[in-house]
**Q** 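This is the structure I want to talk about, given as structure tokens.
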Amino acid sequence: MTIQISLIPRRRTYLFFTHTTFKIMLCVLALGMSFPSFATLHQTRRPSGSAAFLTLAPPSTNALDRVTPNDAARFLTQATFGPTMPDIAALQVKGYEAWLKEQFALPTESHVAYIDWLRKAEPKRPLYDEAFLESFWKQAIHGPDQLRQRIAFALSQIFVVSFATGLQGEYYAVASYADMLNKNAFGNFRQLLEDVTLHPAMGRYLDHLKNDKEDPVAGRNPNENFARELLQLFSIGLYKLHPDGTLVLDKKGRPIETYDQETVKGFARVFTGWSYGTFPKTEDYWRWPQIQNIYDPFWRVPMEVWPQHHSTSTKPLLNGVVLPAGQSAEKDLRQALDNVFQHPNVGPFIARQLIQRLVTSNPSRGYVYRVAQKFNNNGSGVRGDMKAVIRAILLDYEARSEKMIKQPTYGKLREPVLRMTHLLRAFNFACTCGKVPLYWMESPVYALGQNPYRAVSVFNFFSPDYRPPGDLSRAGLVAPEMQITNEISVTGISNFLRSVIFTGFQWDPKLPHLISDYANVATLAGSPDKLLDHLNLLLLSGQMPDQMKQTISAEIAKMPPERLPRVKEAVHSTMTSPEYVVQK
């Protein structure tokens with residue numbers, strides 16, 4: 001079955017699918033994952049909650065001393081922006097623990113430094129959001145610190161700031177914020193909370209920058225935006241959780257709220273009196289209007305206090321804690337963030353979301369519990385150790401065991417950004433300009449339908465609790481990435497990837513061209529079976545079904561003997577298959 005679709009202006013592209021594969025893609029679109037039946041789903045449904053914590057079975061063990069090529073490719077799919085053949089070979093030699101230790105020790109590059117360099121290297125170039133996007137894609141594709149990059153991207157989808165709302169044109173703000181996430185990716189979650197809170201990009205985005213104390217006479221109350229999102233999205237969620245991430249239910253079977261409106265008001269008073277660092281603490285600077293791209297140094301440093309604008313009243317927090325009146329802004333902030341950090345919800349709340357971003361959309365109770373326990377105590381009495389959390393996620397039985405691949409509720413949809421980075425890394429895409437000129441990827445028709453740091457709201461591109469209508473929802477399962485997946489995006493992304501695979505990427509004829517290097521793969525094109533064995537490892541971690549391999553092999557065997565078109569057709573057919581789109 002050949003489908004001809006013309007979506008990219010002045011360029012016609014073709015999608016090739018067998019009739020069977022096309023039907024499977026429609027099933028993926030409808031269900032989110034290629035599950036066998038609703039009956040099976042219903043039997044494996046994750047409990048929604050309980051009044052008491054239910055005992056967990058002892059964890060399964062998994063041998064980690066031997067790393068096969070398929071094991072290495074699957075691990076790197078979860079831990080990086082996409083495996084490459086050299087990385088697969090290197091991981092087999094090093095082993096998981098040595099690889100993690102090496103990655104934890106690698107330094108990171110600065111996005112802010114890249115923009116500084118760009119301003120000097122191209123002084124006549126008018127800069128906008130794409131200045132940061134160049135740096136993001138460069139680090140994601142070419143950065144040696146792949147684990148840090150992948151974790152920072154996951155954190156950026158929890159602690160959201162966005163060019164799309166409130167930070168338009170503020171490329172230094174977002175670059176500095178991304179540097180902060182890079183710095184904290186392997187640090188402690190308590191420090192991450194503080195650095196997010198005091199970053200001026202977050203202050204601007206969620207309105208606690210220049211948040212003024214209450215004034216009963218004028219009828220002014222502190223802005224509650226950041227206070228609410230800190231609790232709901234960044235730390236504990238709306239309802240109390242058991243250590244395994246399931247809901248704590250009351251005697252009537254209802255979830256129990258973690259905070260109320262008075263708590264939000266208390267935290268809102270905590271976050272008063274903070275504004276740009278580097279400014280003199282005068283009323284003129286407090287009232288200084290928002291400015292763009294004129295004075296960038298304040299984006300590089302944390303916010304600072306204007307004491308006269310900080311609320312001095314009492315502040316009710318979580319679990320009955322009340323901060324006394326008259327404390328300094330710094331002391332209020334420290335105690336309030338400690339209050340959040342120590343809440344028992346934080347471990348399972350953050351553990352589940354990081355597992356979703358790296359491994360599987362519907363982790364078991366046991367998986368969440370084991371990771372949350374490492375959050376609570378890294379083995380040395382330290383709470384919030386991100387290295388311990390990351391290690392627990394990636395080395396857990398449910399991440400490493402091949403047996404999990406066959407579980408019907410296991411896996412996740414690869415979000416579009418990760419599909420793009422995998423393609424560019426796997427086939428050595430590069431530009432003679434030395435940059436990665438990828439910019440506006442939001443369009444689901446002409447591009448990816450997703451663009452880093454351009455989510456439409458603080459709720460990210462998709463919710464971790466999104467349940468597409470149908471069998472998944474009835475089974476109590478989630479598929480977050482399905483929230484940006486529809487008929488338009490399935491065909492649009494496929495067309496876009498085909499264009500990139502066959503001709504490279506060029507945003508504008510006047511701009512540099514990003515092109516691939518298929519030299520090593522092209523040597524295999526004379527043998528479709530060898531070519532597909534290579535792509536099976538590199539793209540699917542050895543999970544390509546025999547029927548899929550036979551179908552693609554038969555089709556490229558019909559093509560003229562030119563090697564590059566055969567390679568590109570095989571790459572496109574593989575990367576647009578449901579077997580690839582659903583990461584197992």
Side-chain angles (χ1 to χ4, degrees), residues 32-33 35 37-61 158 189 231-260 263 318-321 339-377 383-384 389 392-393 396-399 401 403-404 407-412 463-480:
M33 297 179 185
F35 294 132
S37 68
F38 173 70
T40 305
L41 288 174
H42 187 70
Q43 293 168 4
T44 56
R45 178 173 180 172
R46 185 165 62 89
S48 59
S50 60
F53 179 53
L54 301 177
T55 303
L56 292 162
S60 301
T61 58
I158 299 172
F189 190 82
L231 301 175
Q232 178 181 347
L233 301 179
F234 300 167
S235 60
I236 64 172
L238 294 172
Y239 303 107
K240 290 185 178 180
L241 301 175
H242 288 300
D244 62 359
T246 55
L247 293 170
V248 177
L249 303 181
D250 63 17
K251 294 180 179 179
K252 295 183 178 180
R254 298 171 301 191
I256 302 170
E257 293 182 350
T258 50
Y259 59 89
D260 58 19
T263 309
L318 299 168
N319 296 330
V321 173
N339 178 250
V340 173
F341 178 60
Q342 294 297 332
H343 194 283
N345 266 32
V346 180
F349 183 81
I350 295 299
R352 174 175 174 262
Q353 291 196 62
L354 288 178
I355 294 170
Q356 286 183 310
R357 300 278 52 80
L358 303 179
V359 180
T360 182
S361 295
N362 294 278
S364 71
R365 292 174 52 221
Y367 194 1
V368 173
Y369 175 79
R370 292 188 292 274
V371 176
Q373 290 301 101
K374 285 296 181 181
F375 180 96
N376 295 341
N377 184 340
R383 179 178 175 84
V389 169
I393 291 172
D396 192 86
Y397 174 85
E398 294 190 31
S401 174
K403 294 180 181 179
M404 296 303 303
Q407 296 295 319
T409 58
Y410 186 79
K412 65 187 289 291
S463 166
D465 298 315
Y466 178 71
R467 296 180 178 181
D471 285 351
L472 281 179
S473 180
R474 287 191 291 272
L477 298 169
V478 301

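Just the heavy atoms: all of them, side chains too, but no hydrogens, waters or symmetry mates, feed the values below.
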**Q** Going by atom types alone, do Asp465 and Ser463 pair a side-chain donor with an acceptor below 3.5 Å?
**A**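 No - no donor-acceptor pair under 3.5 Å links their side chains.
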**Q** Have Glu398 and Ser364 got a donor and an acceptor in their side chains that come within less than 3.5 Å?
**A**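 A pair is found: one side chain offers a donor N or O, the other an acceptor, under 3.5 Å apart.
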**Q** For Ile236, does its backbone N or O pair with a side-chain atom of Asn345 as donor and acceptor, under 3.5 Å?
**A**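 Between the backbone of Ile236 and the side chain of Asn345 there is a qualifying donor-acceptor contact (under 3.5 Å).
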**Q** Return the CZ to NE2 distance between Phe349 and His343, rounded to the nearest 0.5 Å.
**A**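 Going from CZ on Phe349 over to NE2 on His343, the span is 11.0 Å.
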**Q** Counting C-beta onward and ignoring hydrogens, is there a side-chain heavy-atom pair between Val340 and Phe234 closer than 4.5 Å?
**A**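 They are not in side-chain contact.
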**Q** Test Val478 against Leu472 for side-chain contact (heavy atoms from CB on, under 4.5 Å), laying out the working first.
**A** CA-CA 7 Å; Val478 301; Leu472 281 179; over 6 Å; no
**Q** Would you say His242's side chain and Leu54's backbone share a donor-acceptor pair under 3.5 angstrom?
**A**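 Pair absent, no side-chain N/O of His242 close to backbone of Leu54.
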**Q** Can you find a heavy atom in the side chain of Val368 that is under 4.5 Å from one in the side chain of Thr246?
**A**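 No, side chains not in contact.
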**Q** Distance check, rounded to the nearest 0.5 Å: Leu238 atom CG versus Leu233 atom CG?
**A**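 Nearest 0.5 Å value for the CG-CG distance: 8.0 Å.
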**Q** Answer whether the closest heavy-atom distance between the side chains of Ile355 and Thr360 falls below 4.5 Å.
**A**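 Ile355 vs Thr360: side chains touch.
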**Q** Roughly how far, to the nearest 0.5 Å, is CD1 of Ile350 from CD1 of Ile158?
**A**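 That separation rounds to 5.0 Å.
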**Q** Quick check against the 3.5 Å criterion: does Gln356 have a side-chain atom that pairs as donor or acceptor with the backbone of Pro464?
**A**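 A pair under 3.5 Å: yes.
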**Q** Using 30° and 60° as the class limits, which term best fits the ring planes of Phe189 and Phe341: parallel, tilted or perpendicular?
**A**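 Parallel: the ring planes of Phe189 and Phe341 meet at under 30°.
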**Q** Can any side-chain N or O of Thr263 pair as donor or acceptor with the backbone N or O of Leu318 at less than 3.5 Å?
**A**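 Checking the backbone N and O of Leu318 against the side chain of Thr263, no donor-acceptor pair under 3.5 Å is found.
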**Q** Which atom pair, heavy atoms only, marks the closest approach of Ala372 to Gly347?
**A**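 Residues Ala372 and Gly347, closest heavy atoms: CB-C, 3.7 Å.
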**Q** For residues Arg383 and Val346, report the shortest heavy-atom separation together with the two atoms involved.
**A**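 Closest approach of Arg383 to Val346, heavy atoms only: NH2-CB, 4.2 Å.
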**Q** Compare every heavy atom of Pro348 with every heavy atom of Pro243, then report the nearest pair and how far apart it is.
**A**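 Smallest heavy-atom distance, with atoms named: O-CB, 3.8 Å.
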**Q** To the nearest 0.5 angstrom, please state how far the CG atom of Asp244 sits from the OG atom of Ser50.
**A**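 Separation between the atoms: 7.0 Å.
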**Q** Which atom names give the shortest non-hydrogen contact between Tyr466 and Pro469, and what distance separates them?
**A**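 Closest heavy-atom pair between Tyr466 and Pro469: OH-CD, 3.9 Å.
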**Q** Within this structure, what is the CG-CZ distance for the pair Leu354 and Arg357, rounded to the nearest 0.5 Å?
**A**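 Answer for the CG-CZ pair, Leu354 versus Arg357, is 9.0 Å.
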**Q** Determine whether Ser361 and Pro480 make a side-chain contact, defined as any pair of heavy atoms from C-beta on separated by less than 4.5 Å.
**A**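 Yes, side chains in contact.
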**Q** Given 3.5 Å as the limit, does a donor-acceptor pair link the side chain of Tyr367 with the main chain of Ile393, or not?
**A**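 Yes, Tyr367 side chain to Ile393 backbone: donor-acceptor pair under 3.5 Å.
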**Q** So how far is it from Tyr239 OH to Leu249 CG, rounded to the nearest 0.5 Å?
**A**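 Tyr239 atom OH to Leu249 atom CG measures 11.5 Å (nearest 0.5 Å).
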